Structure formats: C-alpha cells, structure tokens
Amino acid sequence: MKHFDEGSEFGINEGRISKLELWKDGRIVANYDRGWDIKPTGKEANAAYAKILKQYN
C-alpha cells in the first residue's frame, strides 16, 4: 500500500490510498494503482479492504 497525508483525485474514493495490493494464497485478490485493476471480491478480501480503507483512507 502507498498512502499520503492528504486525499487525491487518484486515491481510492479520492482518499489518501493511491496504491493497494492484497494477496491471498499466493495470488492477487485486489489491486489498485490510481484506478482499479482488480476489485476485491470474496468475503475475506472485502473485509481486509474495508479495514484498510477505514484506517488509512
């Protein structure tokens, strides 16, 4: 994850996170790099994404 002190038009929901990669069992389950390449799907990926978004975005 790469995040900044202030939000940006490139961040998730115009927030502070500009890059995010989540892995599960050796594969990428979510990838954001100034836009969604792979949106999080599944219960665990969505739970991890929500937790990260709440804390860092």
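Not measured: the values here are computed from a predicted model.
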Stepwise side chain to side chain contact (heavy atoms under 4.5 Å, CB included) test for His3 and Asn57: CA-CA 8 Å; His3 74 286; Asn57 209 37; over 6 Å; no
Test log, rule side chain to side chain contact (heavy atoms under 4.5 Å, CB included), inputs Leu22 and Ile52: CA-CA 10 Å; Leu22 298 177; Ile52 290 167; 3.6 Å; yes
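Between Met1 and Tyr56, the closest side-chain pair of non-hydrogen atoms falls below 4.5 Å. Within the 4.5 Å cutoff, the side chain of Leu53 has heavy atoms near those of the Ile12 side chain. Ile28 places a side-chain heavy atom less than 4.5 Å from the side chain of Glu21.
Heavy atoms only, all atoms of each residue included: Asn46 and Pro40 are closest at OD1-O, 3.4 Å.
Taking the salt bridge (charged side-chain N to carboxylate O under 4.0 Å, His left out) definition, one finds that Lys24 meets it with Glu44, sequence neighbours left out.
Atom CG in Asn31 sits 4.5 Å away from atom CG in Asp37 (nearest 0.5 Å). Atom CG of Asp25 sits about 7.5 Å away from atom CZ of Arg27, to the nearest 0.5 Å. Distance check: Lys2 NZ to Asp33 CG gives 9.0 Å after rounding to the nearest 0.5 Å.
With a 6.0 Å cutoff to the six-membered ring centre and a 45° limit on the axis angle, Arg16 does not count as a cation-pi contact of Phe4.
Aromatic pair Tyr49/Trp36: centroids less than 6.0 angstrom apart.
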